[in-house]
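In this text, all values refer to a predicted model and were calculated from it rather than measured experimentally.
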Amino acid sequence: MHERLEPEFADLPCDEPNAVVLGDAEQRLDYAHLDEAFRLLLEGAPLLAVGTNRYFRQEGTLHLDAGPFVRALEYAAGIEAKVLGKPSSDFFHAVLEEVGVAPDEALMVGDDVECDVVAAMELGLQACLIRSGKYRPGDEEQAPQARCEASLADLVDALREAR
C-alpha cells in the first residue's frame with residue numbers, strides 16, 4: 001500500500017495475511033511485493049482490488065495505476081479479483097443506494113473514459129467525460145453517447161444555462 005495509507009490499516013494484524021488488497025501503492029508495486037501477493041493467492045487468499053484503472057496522471061505525466069497489476073496477478077494465479085471500487089457495478093449501485101438516486105437520475109463525471117464514463121453508462125447512468133486530469137485526446141470516441149466538457153466548471157456552467 002501507499003505509505004500515506006498505512007494509518008488506515010494500522011489496526012489490522014499483518015503477521016498472517018489472509019487476503020491481498022491491491023490499491024494505490026506507487027513505488028511499492030515492485031516485484032517483491034507482487035511475488036509475495038502471488039504466493040498468497042496461490043494459497044487461496046482472495047484478491048481485493050480498489051479499482052482497475054489503467055493509469056493516472058501526476059505532474060503532467062501518465063503512470064501505471066493498479067489495474068495492470070491486478071490483471072497480472074489474476075493471470076498468474078488463475079483467479080479473479082473482487083473489485084471494490086470503479087468500475088465495479090457493485091460500487092456504482094452502492095453509491096446510488098446511499099444517495100437514494102435511480103441510475104437514470106444520476107450523472108457520473110470523470111476523466112477516465114473506461115472506469116468512470118463507460119462503466120457508469122453500462123449501468124444506465126448519464127455520464128460526462130471531462131477533458132482534464134488523465135483525459136487523452138480521442139477518449140470521447142470510446143463513449144460517443146456521453147457528454148464531453150473541457151472542465152468541471154464548464155459542465156456546471158452548461159447545466160446552469162440549460163435550466
Side-chain angles (χ1 to χ4, degrees), residues 1-14 16-58 62-130 132-136 139-143 145-147 152:
M1 77 185 74
H2 193 285
E3 62 188 23
R4 290 183 297 201
L5 295 176
E6 285 179 0
E8 299 294 325
F9 296 90
D11 294 339
L12 292 176
C14 295
E16 293 183 38
N18 61 2
V20 173
V21 179
L22 198 133
D24 298 333
E26 288 188 5
Q27 301 307 315
R28 292 182 177 179
L29 280 174
D30 57 25
Y31 183 82
H33 286 103
L34 290 169
D35 199 46
E36 180 181 358
F38 167 68
R39 287 191 303 278
L40 287 168
L41 296 172
L42 289 180
E43 293 171 9
L47 175 57
L48 308 173
V50 298
T52 57
N53 297 61
R54 296 172 191 254
Y55 52 85
F56 65 94
R57 186 179 301 273
Q58 185 174 41
L62 293 178
H63 300 274
L64 287 174
D65 207 337
F69 300 98
V70 171
R71 295 294 182 252
L73 288 171
E74 286 178 325
Y75 174 74
I79 52 99
E80 187 174 326
K82 172 70 175 168
V83 180
L84 305 173
K86 297 179 300 180
S88 165
S89 61
D90 291 341
F91 171 79
F92 282 105
H93 287 302
V95 171
L96 292 170
E97 185 176 316
E98 177 75 23
V99 296
V101 174
D104 63 343
E105 298 172 329
L107 174 65
M108 173 63 190
V109 179
D111 65 352
D112 185 310
V113 68
E114 180 181 20
C115 290
D116 295 341
V117 175
V118 171
M121 291 174 63
E122 286 176 350
L123 298 173
L125 284 79
Q126 301 170 64
C128 180
L129 177 63
I130 299 296
S132 62
K134 64 179 166 181
Y135 165 84
R136 294 173 53 204
D139 281 352
E140 59 275 8
E141 294 170 16
Q142 295 178 50
Q145 308 87 349
R147 182 179 199 132
L152 182 57

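With sequence neighbours left out, L107 forms a side-chain contact (heavy atoms from CB on, under 4.5 Å) with V109, Q126, C128, L155, L159. E3 meets the side-chain contact (heavy atoms from CB on, under 4.5 Å) test with E6, R28; sequence neighbours excluded. Scanning for side chain to side chain donor-acceptor pair (under 3.5 Å) contacts around D35 gives R39, with sequence neighbours left out. Scored by the side-chain contact (heavy atoms from CB on, under 4.5 Å) test, D30 finds A32, H33 as partners (sequence neighbours excluded). Shown here are the side-chain contact (heavy atoms from CB on, under 4.5 Å) partners of P103, two or more places apart in sequence or in another chain: L96, L125. Remark: R57 pairs with no residue by the side chain to side chain donor-acceptor pair (under 3.5 Å) rule, at least two apart or across chains.
Among all heavy-atom pairs drawn from G51 and V70, the shortest one is O-CG2, 3.9 Å. Minimum heavy-atom separation, I130 to Y135: O-CB, 3.5 Å.
One distance of note links CD1 of I79 with CG of L41; it measures 5.0 Å at 0.5 Å rounding.
Residue pairs meeting the ring-ring contact (aromatic ring centres under 6.0 Å, His included) criterion with at least one member in residues 74-116, sequence neighbours excluded, do not occur. Pairs engaging residues 62-72 under the side chain to side chain donor-acceptor pair (under 3.5 Å) rule: R71-E74 [sequence neighbours left out]. Sorted by first and then second residue, the salt bridge (charged side-chain N to carboxylate O under 4.0 Å, His left out) pairs with a member in residues 100-124 read R54-E114, K86-D116, D112-K134; sequence neighbours excluded.
More than 12 heavy atoms of other shown residues, nucleotides or ligands fall within 6.0 angstrom of atom CD in Q58.
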Intermediate values then yes/no, salt bridge (Lys or Arg N to Asp or Glu O under 4.0 Å), R4 and D24: CA-CA 10 Å; R4 290 183 297 201; D24 298 333; over 6 Å; no
Pair R136-L62, side-chain contact (heavy atoms from CB on, under 4.5 Å): steps then yes or no: CA-CA 10 Å; R136 294 173 53 204; L62 293 178; 3.5 Å; yes
If you look only at distance, which donor and acceptor atoms sit under 3.5 Å apart when one is on a side chain in residues 16-23 and the other is two or more places apart or in another chain?
none

